[in-house]
Amino acid sequence: MVSGNLFHCRKNSWPPEEYISRTTLQLFDFDSAAPPEQAWRRRLNSHANILKEFSVTFTEAIKMVRLGIRLWSYIREEASHGRKAPIDPFTRESCKPSATQGVPLGGMGSGSISRGFRGEFRQWQIIPGICEASPVMANQFSIFISRDGGNKNFASVLAPGQHEGLGKAGDQGISSWGWNLSGQHSTYHALFPRAWTIYDGEPDPELKISCRQISPFIPHNYRESSLPTAVFVYTLVNTGRERAKVSLLFTWANSIGGISQLSGDHVNEPFIGEDGVSGVLLHHKTAKGNPPVTFAIAACETQNVSVTVLPCFGLSEGSRVTAKDMWGRMVKDGQFDRENFNSGPSIPSSPGETACAAVSASAWVEPHGKCTVAFALAWSSPKVKFLKGSSYHRRYTKFYGTSERAAQDLVHDALTNYKRWEEDIEIWQNPILNDPRLPEWYKFTLFNELYFLVAGGTVWIDSESSTSNMRNDQHQLVEVENTDVKVTDAKGDGRQDAVIEHTTDSSGVKDKDEAVIANSSSKNESVVAQKKRYSNCSLHPFKMLDLQNENDDVGRFLYLEGVEYIMWCTYDVHFYASFALLELFPKIELNIQRDFAKAVLSEDGRKVKFLAEGNCGIRKVRGAVPHDLGTHDPWNEMNAYNIHDTSKWKDLNPKFVLQVYRDFAATGDMSFGVDVWPAVRTAMEYMEQFDKDNDGLIENDGFPDQTYDAWTVHGVSAYCGCLWLSALQAAAAMAFELGDRSFAEKCKRNFLRAKQSFEEKLWNGSYFNYDSGSSSNSKSIQADQLAGQWYTASSGLPSLFDDFKIKSALMKIYDYNVMKVKGGRMGAVNGMHPNGKVDESCMQSREIWSGVTYGVAATMILAGMEEEAFTAAEGIFIAGWSEEGYGYWFQTPEGWTIDGHFRSLIYMRPLSIWGMQYALSLPKAILEAPKINVMDRIDISPGSGKSSHNETGVRKIAKKASCLGNSVFHCAC
């Protein structure tokens with residue numbers, strides 16, 4: 001916990017008074033119209049610099065030339081099948097990345113649209129795995145103001161006219177609009193999931209305007225947080241002496257980003273709904289067989305607000321109504337004809353033609369009066385279709401049905417419920433925002449980093465559709481000819497196994513479902529009897545570990561490693577990011593762990609070529625935690641990552657055990673523990689093959705066999721070794737709590753031996769060496785060397801090492817990796833030589849990884865080093881989010897170099913800032929857990945070195961948890 005007011009006076013607090021006049025703030029001091037005290041802020045006329053991308057050095061390029069050739073060939077092969085490779089460093093987006101991002105729109109998992117701080121709608125991710133970065137400039141809010149007497153008229157788009165393609169003379173498109181806003185007196189204030197834009201006297205000096213953007217991201221609300229909708233609430237304050245007629249205009253192109261609006265066959269349709277909600281539906285017919293999308297733009301008519309629409313206008317001279325015509329009508333009348341509501345669906349657009357729609361909301365604002373106008377946007381794309389064939393229904397369809405026309409209901413509910421959403425958001429955020437012990441920059445950065453759970457390509461499906469849409473259910477891992485796929489539900493060596501073999505041949509899928517049951521706990525039971533007993537439940541692991549009761553059914557969830565690394569739920573990175581889900585949506589987090597538990601017990605024998613060395617192997621090895629859940633057919637075709645053979649990685653299995661135990665300890669969910677225990681035990685036993693000298697400690701194999709997949713490791717490593725020590729202790733504790741005493745004893749015995757070996761081989765008196773090898777960087781100071789201790793402390797387990805060693809290593813990291821890099825203003829560099837020079841042995845050793853720095857800071861907090869923790873993390877804020885930084889806001893990259901070149905924008909790992917918050921406020925279940933050292937409670941019996949499975953104890957726990965219907969032990973009871 002943070003003590004006292006250590007950080008109360010820290011810099012990087014941005015009071016709103018520095019951006020908005022006090023008078024204006026007072027005018028907006030009602031109905032949440034004023035921006036909050038803590039927020040990330042920018043002036044709309046701020047320079048949006050082009051970001052500098054990383055490049056490899058000549059030496060690094062030479063080392064990776066073979067990998068580059070193989071990767072290039074693989075990318076071309078995937079393209080020939082119409083697929084995008086999950087990693088493609090050779091293709092650059094036509095829209096160069098720039099410092100323009102802002103808070104994204106909508107809830108989680110239903111497609112996302114981001115909105116830049118200047119107001120442009122960009123970063124379109126409606127189709128899974130595809131991100132169209134360029135803004136659609138026809139999508140705008142505009143304002144038209146006229147006053148009594150007629151001598152003060154204003155008309156302007158509410159965004160600065162600083163974009164390419166604007167200002168073309170004679171244009172019939174959006175260049176003909178009034179781009180009259182300078183942005184000098186307009187400011188943007190972001191506190192995810194809300195954002196405020198304040199127009200402090202522009203374009204009309206006597207009209208103050210607040211636009212409040214609200215999305216339904218509400219922790220622990222598993223319904224509304226899935227909704228693809230957002231609300232824009234305009235608050236108007238007339239400071240003049242004359243009454244003002246104000247018309248706000250919302251224009252929208254029938255597009256899902258890129259050039260999709262030009263494909264043709266798009267239809268717009270006006271509607272009048274309930275409770276005064278009226279607008280236009282834009283039915284978009286997607287290309288390449290992707291499911292259709294329907295947008296809804298709407299406003300809410302009230303006693304003082306009149307809503308009219310223009311269902312269709314075009315951007316070119318040949319359109320029946322052009323953008324220029326539309327703008328002229330608004331300048332003249334401030335509204336459209338009411339008869340437009342009766343026009344019905346428009347004629348389908350022709351190829352090459354852009355079909356746009358407009359909604360106008362008009363009101364009179366009395367002198368010194370106030371008025372509120374609310375707009376909403378929704379997009380309904382009920383079906384998710386992945387390139388290799390699997391389709392699912394999104395989570396929100398559980399509540400709104402599977403019709404695209406649900407967009408109309410979504411905007412209605414958004415406009416009638418947004419005030420309650422805001423109340424719930426404030427209840428969640430205020431305890432942190434009002435905590436005087438925390439630095440200001442941390443408070444709003446903590447919330448703003450959550451942008452990734454919306455804009456990180458998230459997919460959230462209804463679990464009912466996840467079963468009905470899986471191909472043949474029992475054959476979901478089978479899709480190629482002459483391939484064997486084994487799906488194993490095994491409870492570890494020396495225990496009963498249930499193996500299902502699925503075989504395909506050229507004639508199609510054949511199911512030979514033969515249950516091979518060995519080493520039964522009842523040795524006298526016949527094989528026939530065993531088969532009969534097992535026939536009462538599914539042996540397929542994707543069924544055996546399936547969910548719970550209907551109240552706990554929150555669907556299945558995916559999110560990308562990053563928009564440039566298109567792999568779902570990349571597990572070595574989820575290790576860092578998962579704190580956010582555990583804190584805010586714990587049921588989603590537990591379901592992700594269940595998905596990986598199922599995956600541990602499966603095997604996919606399809607051949608894969610690994611690009612780093614050019615060798616071949618199988619896609620998924622039983623017992624190994626997969627790197628990811630796939631790209632083009634998630635859940636069914638895992639391990640899209642094919643640079644290395646991740647079945648030989650040393651961090652994935654320990655990370656699985658650590659995450660499972662942390663979640664188990666934090667939630668106290670015994671049924672979850674019982675569900676995943678067989679996979680935990682299997683994952684631990686799988687790792688024993690990597691203990692080459694039988695000292696209980698795993699060794700790395702001389703290649704980058706962990707999340708730092710370009711940073712070679714030899715022998716015992718600080719990173720993987722520490723993770724393994726922590727996993728041994730976590731597995732021992734979990735086995736003890738679930739009644740598997742023999743395995744608890746085994747893990748404790750191995751932990752004691754491994755800890756001694758780890759310290760003997762790596763501790764040098766002040767920190768743990770990078771590895772036990774003899775390379776030039778073996779004595780490097782790795783920022784992430786105590787990742788295992790981070791999880792140990794987060795789970796309420798005894799420290800892995802003496803406090804002196806933990807604090808000494810952390811202080812070494814702080815003094816060298818943090819403070820020797822531009823005075824601590826960039827975060828922690830991954831590797832630093834003990835002479836104070838950055839480790840440049842590879843591109844990753846010389847990078848600063850934002851998510852790792854946050855994780856190091858969390859470890860420091862747990863060790864009582866709060867000041868060092870916040871100083872280290874503040875470096876990420878300064879480099880990434882501050883005005884003097886590189887411009888990474890709402891697109892935080894995996895990392896950057898000390899000269900400010902980024903790699904991989906919009907990345908998962910920086911969500912680990914929630915690991916800091918977790919450390920500051922450990923769950924009640926951990927804080928109130930018995931203080932007795934769990935390892936001391938595990939007695940090692942003489943001669944207990946042999947592996948045996950104490951399944952009876954776990955069954956007893958399962959009965960107490962009342963979860964036999966969901967447990968893998970159901971069949972054996």
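Each residue takes its place number in the sequence, starting with 1. Please read these numbers as outputs of a predicted model, since none were measured by experiment.
- The CG atom of L310 lies 10.0 Å from the CE atom of M330; values are rounded to the nearest 0.5 Å.
- The distance from the CG atom of L377 to the OG atom of S215 is 9.0 Å, given to the nearest 0.5 Å.
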Assess the residue pair S306 and S362 against the criterion (side-chain hydrogen bond (donor to acceptor under 3.5 Å, both in side chains)); give the C-alpha distance rounded to whole Å, side-chain angles, the decisive distance to 0.1 Å, and a yes or no. CA-CA 5 Å; S306 174; S362 304; 5.9 Å; no
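- For the pair R194 and W421, the cation-pi criterion (under 6.0 Å, within 45° of the ring axis) is not fulfilled.
- Ring centroids of W327 and F144 are separated by less than 6.0 Å, placing the two rings close together.
- Y396 and Y400 have tilted rings, their planes meeting at an angle from 30° to 60° on a 0 to 90° scale.
- With 3.5 Å as the limit, one finds a donor-acceptor pair spanning the side chains of S186 and E202.
- Under the 4.0 Å criterion applied to side-chain N and carboxylate O atoms, E18 and R43 are not assigned as salt-bridge partners.
- Counting only heavy atoms from C-beta outward, the side chains of T251 and W177 approach each other to under 4.5 Å.
- A 4.5 Å side-chain heavy-atom check between E206 and K152 finds at least one atom pair inside the cut-off.
- Here the side chains of F336 and R329 are in contact, with some heavy-atom distance below 4.5 Å.
- Between the CH2 atom of W252 and the CZ atom of F375 there is a distance of 13.0 Å, given to the nearest 0.5 Å.
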Determine, step by step, whether S210 and T235 satisfy the side-chain hydrogen bond (donor to acceptor under 3.5 Å, both in side chains) criterion, reporting the C-alpha distance in whole Å, the side-chain angles of both residues, the deciding distance to 0.1 Å, and the verdict. CA-CA 5 Å; S210 166; T235 303; 4.8 Å; no
Under the side-chain hydrogen bond (donor to acceptor under 3.5 Å, both in side chains) criterion, do H283 and E404 qualify, and how do the steps go? CA-CA 8 Å; H283 306 290; E404 292 84 17; over 6 Å; no
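- Across Q429, H189, E440, a single residue satisfies side-chain hydrogen bond (donor to acceptor under 3.5 Å, both in side chains) together with Q38, and that is E440.
- With a 6.0 Å cutoff to the six-membered ring centre and a 45° limit on the axis angle, R41 does not count as a cation-pi contact of W14.
- Separation of atoms OG1 (T286) and CD1 (I126) is listed at 11.0 Å; rounding is to 0.5 Å.
- A 4.5 Å side-chain heavy-atom check between L158 and Y234 finds at least one atom pair inside the cut-off.
- Taking the six-membered ring for Trp and the full ring otherwise, the centers of F585 and Y222 sit less than 6.0 Å from each other.
- Here the options are Y451, W441, F890, the test is ring-ring contact (aromatic ring centres under 6.0 Å, His included), and the partner is W881; only F890 passes.
- In this structure, the side chains of S360 and V309 stay at 4.5 Å or more apart for every pair of heavy atoms.
- Ring to ring, F192 and W40 are not that close: their centroids are 6.0 angstrom or more apart.
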Could you walk me through whether D200 and T24 pass the side-chain hydrogen bond (donor to acceptor under 3.5 Å, both in side chains) check? CA-CA 7 Å; D200 195 358; T24 300; 2.6 Å; yes
Please assess I113 against I256 for the test side chain to side chain contact (heavy atoms under 4.5 Å, CB included), listing each intermediate value before the final yes or no. CA-CA 9 Å; I113 306 164; I256 58 171; over 6 Å; no
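- With a 4.5 Å cut-off on side-chain heavy atoms, Q917 and S921 count as touching.
- Below 30°, between 30° and 60°, or above 60°: for Y188 and F117 the angle between ring planes is between 30° and 60°, a tilted geometry.
- Note that the NE2 atom of H393 and the OG atom of S381 stand 10.0 Å from one another [nearest 0.5 Å].
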CA sep, side-chain torsions, deciding dist, call: W379, T294, side chain to side chain contact (heavy atoms under 4.5 Å, CB included): CA-CA 6 Å; W379 54 98; T294 292; over 6 Å; no
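- Here the side chains of L191 and W196 are in contact, with some heavy-atom distance below 4.5 Å.
- Neither side chain, S21 nor T23, offers a donor N or O lying under 3.5 Å from an acceptor on the other.
- Atom CD of Q184 has 12 or fewer heavy atoms from other residues, nucleotides or ligands within 6.0 Å.
- Atom CZ of residue F341 and atom OG of residue S278 lie 4.5 Å apart, to the nearest 0.5 angstrom.
- Side-chain rings of F447 and W428 approach one another, their centers coming within less than 6.0 Å.
- Between L249 and F141, the closest side-chain pair of non-hydrogen atoms is not below 4.5 Å.
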